[in-house]
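Just below is one structure, and these are the notes that go with it.
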Amino acid sequence: RDQGAETVSAEKVSSIYLGVKDKELKEPDWVTNISTKSGVAGVPVATWSDWHFGELVDRRQVEGANEFNLEIFDRRFRTLVERTIDLTQNHMTGKGYPGIVINLGGDMLSGNIHEELHQTNEIETIPAVLDLAGKIAWGIRQMADTFGQVFVPCVPGNHGRNTKKPQAKNACFTSFDWMIYKILEKWFEADDRVQFFIPNGFDAYYRVFGHRILLTHGDRIGSRGGDGFIGAIGPIMRGAHKTRLSYAARGREIDTLIMG
């Protein structure tokens, strides 16, 4: 019953509300079929994650250590796109690239999961969804114009949820991250240069020239807290190990685990 409800929910949101037809979740041929004799520089893999778009940090409240707002986001995002292009086009060797992989790793929005954020965010969540979707679309077009092909694996984070507590079933369909991804997929539907990979779960497993990659946000890797002097790296390593074992038990080995 629950599986049926989840399937109906996914089909409704994608096809009825957003007008996006369900597609087979697989990598495009240019990502997997790269010849070692082709002389290409490889396939760049970039990660856009944990932007917390819409959050406001006032430097006067943090002893001048930092600040964040919509204007700063715009400047940082443009810098990210421009330097990604510059690094790959002007500072690498080879005959170019068949395309680029852009991971969207969740927590793209600040969201309202804490009362503090609800009170202090610079922009409300729904306007933030529309604004951010447009900005990401601009970035993807820059990538497509530069690299020719763009593959976009997407996973949700925890800040974008509209439920009080994280949930396992139907979690994607209560996530504004997932909504942004589906809006983008619809916008690029007629652009053959761009392909999205949007699972209805928490992880995106794909390969780049045989290299096995798992993209996950990181909030569900099964370990929490810090370890004394080494901080977060201990829980992250333990969680990554548990994730690798879990996938290996299902016949899916992981070469690289990407998380925000």
Is there side-chain contact between Thr84 and Ile102, with at least one heavy-atom pair below 4.5 Å? no
Let me confirm one number: the CG-CD1 distance from Leu130 to Ile183, rounded to the nearest 0.5 Å. 6.0 Å
Nearest atoms (heavy-atom pairs only) where Glu253 meets Ala248: OE2-CB, 3.7 Å
Measure across Gly42 and Pro98 and return the closest heavy-atom pair with its distance rounded to 0.1 Å. O-CD, 3.5 Å
Here's one to test your reading of the geometry: is the NZ or CZ of Arg250 within 45 degrees of the ring axis of Tyr247 and under 6.0 Å from its centre? yes
Derivation and outcome, side chain to side chain contact (heavy atoms under 4.5 Å, CB included), residues Tyr181 and Met108: CA-CA 10 Å; Tyr181 305 152; Met108 315 308 288; 3.7 Å; yes
Would you check if Thr88 and Phe147 make a side-chain contact, meaning some heavy-atom pair closer than 4.5 Å? yes
Can you check whether Ile72's main-chain N or O pairs, donor with acceptor, with Asn69's side chain at less than 3.5 Å? yes
If every non-hydrogen atom of Phe197 is compared with every non-hydrogen atom of Tyr205, which pair is closest and at what distance? CZ-O, 3.5 Å
To the nearest 0.5 Å, what is the distance between OG1 on Thr47 and CD1 on Ile213? 8.5 Å
Using every non-hydrogen atom in the two residues, find where Asp219 and His217 come nearest and quote the distance to one decimal. OD1-CD2, 3.3 Å
Donor-acceptor pair, side chain of Asp50 and main chain of Asp107, under 3.5 angstrom: no
Please assess Asp131 against Lys135 for the test salt bridge (charged side-chain N to carboxylate O under 4.0 Å, His left out), listing each intermediate value before the final yes or no. CA-CA 6 Å; Asp131 193 6; Lys135 294 178 189 299; 3.6 Å; yes
Could you tell me which residues satisfy salt bridge (charged side-chain N to carboxylate O under 4.0 Å, His left out) with Asp191, sequence neighbours excluded, listed by chain and number? Arg193
Mind running side chain to side chain contact (heavy atoms under 4.5 Å, CB included) on Phe173 and Asn200 for me, showing each step along the way? CA-CA 8 Å; Phe173 317 132; Asn200 291 332; 3.8 Å; yes
For Leu184 and Phe196: C-alpha separation, side-chain torsions, deciding distance, then whether side chain to side chain contact (heavy atoms under 4.5 Å, CB included) applies. CA-CA 9 Å; Leu184 288 167; Phe196 286 83; 3.6 Å; yes
Between Leu104 and Ile136 the two heavy atoms that sit nearest each other are CD1-CG2, 4.4 Å
Side chain Ser246, main chain Lys242, donor-acceptor under 3.5 Å: no
Shared hydrophobic cluster for Trp187 and Leu132 (ILVMFWY, side-chain gaps under 4.5 Å): yes
Side-chain contact test, heavy atoms from C-beta onward, threshold under 4.5 Å: evaluate it for Met143 versus Ile85 and give yes or no. yes
Is the closest side-chain heavy-atom distance between Ser49 and Asn103 below 4.5 Å? no
Can you tell me how far CZ of Arg207 sits from CD of Glu27, rounded to the nearest 0.5 angstrom? 7.5 Å
Heavy-atom side-chain contact between Phe188 and Ile140 under 4.5 Å: yes
Measuring from Ile100:CD1 to Thr146:OG1, what's the distance to the nearest 0.5 Å? 8.5 Å
Where do Val45 and Ile258 land on the side chain to side chain contact (heavy atoms under 4.5 Å, CB included) test, with the steps shown first? CA-CA 10 Å; Val45 178; Ile258 299 176; 4.3 Å; yes
For Arg59, which residues count as a salt bridge (charged side-chain N to carboxylate O under 4.0 Å, His left out) partner, sequence neighbours excluded? Glu67
Determine the minimum heavy-atom distance between Gln195 and Pro28, stating which atoms define it. OE1-CB, 3.5 Å
Any heavy-atom pair between the side chains of Thr216 and Val155 that's under 4.5 Å? no
Donor-acceptor pair, distance only, cut-off 3.5 Å: does the side chain of Asp177 make one with the backbone of Gly157? yes
State the CZ-CH2 distance between Arg78 and Trp138, to the nearest 0.5 angstrom. 4.0 Å
Tell me which one of Phe68, Phe73, Phe176, Trp48 satisfies ring pair (Phe, Tyr, Trp, His ring centres under 6.0 Å) with Phe53. Phe73
Output the distance between atom CD (Glu82) and atom CG (Leu80), rounded to the nearest 0.5 Å. 10.0 Å
